[in-house]
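Below: one structure, written as structure tokens.
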Amino acid sequence: METLLLPGMDGTGRLFASFHRHLIADLRARVIAFPSDQPRGYDQLLGEIPVPAGPFAIVAESFSGPLGIRLAAKHPEQLRALVLVATFVRNPSTVAGWMQALLGRRLFQMRLPDVALRLGLLGMDAGDDEVSDLRAALLSVEPAVLAGRLREIISVDVSHEFATGTVPLLYIAGRHDRLVGTSVMSKMKRVRPDMETHVLNAPHLVLQRRPVEAAQLISEFLLSKRA
């Protein structure tokens, strides 16, 4: 069974490196990267994701959660399972709206200090190499593209597709996630009581900070659903 790894807001897929190495080989994980120089909305990205011909699974992180949910609704017979990581069905915070309204593209043209990347995404105990990897991934994407993705987050709503879906679900949250938070997972659980949930001791970037634990949880879940 092939497994598509859909990245967070950077869209590069580069931040999956450690997590990818720890996934069970039988899952045949394939990292999907989004264009870094041309803005794409959720609708466009959905149409450009290469869907396997046979059974497959999806791991969708943060920004890509709505994409994973829509893919699940579009390919219910092929999809064996969907894993959602630190993500949402609609804008999880009013902060994103204010950031877009006040700064727009300028937000992504600014060099955010290391402490801001740690505070918002990586956790204050993140190492310098982890901060450097995240910064490099963000700098490799045009500011207009990142601003466009923020606008997509603000306006997206896949509540209906999520509520009416039937594919097996696993949600992994970070206990110290300042952007999405465990409350989003709890609300989604009320809509889909069949959804399995796990909370790891991690910030927003769960797969980057807890790659071994996350890979083990996800591998076990997906292998149990591949038949």
Side-chain angles (χ1 to χ4, degrees), residues 2-25 27-42 44-46 48-52 56-68 71 83-88 105 107-123 125-150 152-153 172 174 177-180 200 202-219 222:
E2 192 166 357
T3 302
L4 304 183
L5 305 184
L6 306 184
M9 191 164 165
D10 68 288
T12 64
R14 292 162 52 172
L15 300 176
F16 279 136
S18 182
F19 165 72
H20 191 187
R21 287 196 299 271
H22 291 96
L23 282 173
I24 297 295
L27 295 175
R28 294 162 47 208
R30 176 156 58 106
V31 176
I32 303 300
F34 305 144
S36 61
D37 59 347
Q38 299 176 24
R40 293 282 197 279
Y42 278 126
Q44 292 171 294
L45 291 173
L46 182 68
E48 295 175 357
I49 293 173
V51 176
F56 70 104
I58 297 171
V59 177
E61 175 187 40
S62 189
F63 168 82
S64 285
L67 280 175
L71 270 178
V83 178
L84 301 170
V85 184
T87 189
F88 44 86
R105 186 186 306 186
L107 171 67
F108 301 102
Q109 294 172 331
M110 301 163 55
R111 179 183 172 85
L112 295 175
D114 289 359
V115 67
L117 296 180
R118 286 187 167 98
L119 186 66
L121 297 169
L122 285 165
D125 61 338
D128 291 343
D129 56 338
E130 293 170 307
V131 175
S132 296
D133 287 346
L134 173 58
R135 188 180 298 282
L138 292 172
L139 288 175
S140 71
V141 184
E142 291 290 335
V145 173
L146 293 172
R149 289 176 188 160
L150 181 59
E152 290 295 298
I153 291 173
I172 299 179
D177 186 345
R178 296 175 183 270
L179 296 186
V180 177
L200 296 182
H204 181 64
L205 294 184
V206 179
L207 303 182
Q208 290 71 35
R209 293 305 315 279
R210 295 292 180 268
V212 178
E213 295 170 78
Q216 182 178 353
L217 283 170
I218 291 171
S219 294
L222 293 183

Reported [atom1]-to-[atom2] distance for the pair [X] and [Y], which is rounded to 0.5 angstrom:
X: Leu67; Y: Glu48; atom1: CG; atom2: CD; answer: 10.5 Å
X: Asp177; Y: Ser62; atom1: CG; atom2: OG; answer: 8.0 Å
X: Leu71; Y: Ser64; atom1: CG; atom2: OG; answer: 9.5 Å
X: Leu146; Y: Leu139; atom1: CG; atom2: CG; answer: 9.5 Å
X: Leu122; Y: Leu117; atom1: CG; atom2: CG; answer: 6.5 Å
X: Gln216; Y: Leu23; atom1: CD; atom2: CG; answer: 11.5 Å

Heavy-atom distance under 4.5 Å between the side chains of [X] and [Y], does that happen here?
X: Pro52; Y: Arg28; result: no
X: Ile153; Y: Met9; result: yes
X: Thr3; Y: Val83; result: no
X: Asp133; Y: Arg14; result: no
X: Pro50; Y: Ile32; result: yes
X: Pro66; Y: Thr87; result: yes
X: Glu61; Y: Gln208; result: yes

So does Asp114 pair up with Arg135, basic N to acidic O under 4.0 Å?
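Arg135 and Asp114: salt-bridged.
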Would the distance check show the side chain of [X] and the main-chain N or O of [Y] forming a donor-acceptor pair, the cut-off being under 3.5 Å?
X: Ser219; Y: Ile24; answer: yes
X: Arg149; Y: Asp10; answer: yes
X: Arg178; Y: Leu119; answer: yes
X: Arg118; Y: Ala126; answer: yes

Please walk me through it: do Leu15 and Leu134 pass side chain to side chain contact (heavy atoms under 4.5 Å, CB included)?
CA-CA 7 Å; Leu15 300 176; Leu134 173 58; 3.8 Å; yes
For Phe56, all residues meeting ring-ring contact (aromatic ring centres under 6.0 Å, His included), sequence neighbours excluded
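By the ring-ring contact (aromatic ring centres under 6.0 Å, His included) rule, Phe56 matches no residue at all.
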For the residue pair Phe34 and Phe63, does the interplanar ring angle fall in the parallel (under 30°), tilted (30 to 60°) or perpendicular (over 60°) class?
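Perpendicular.
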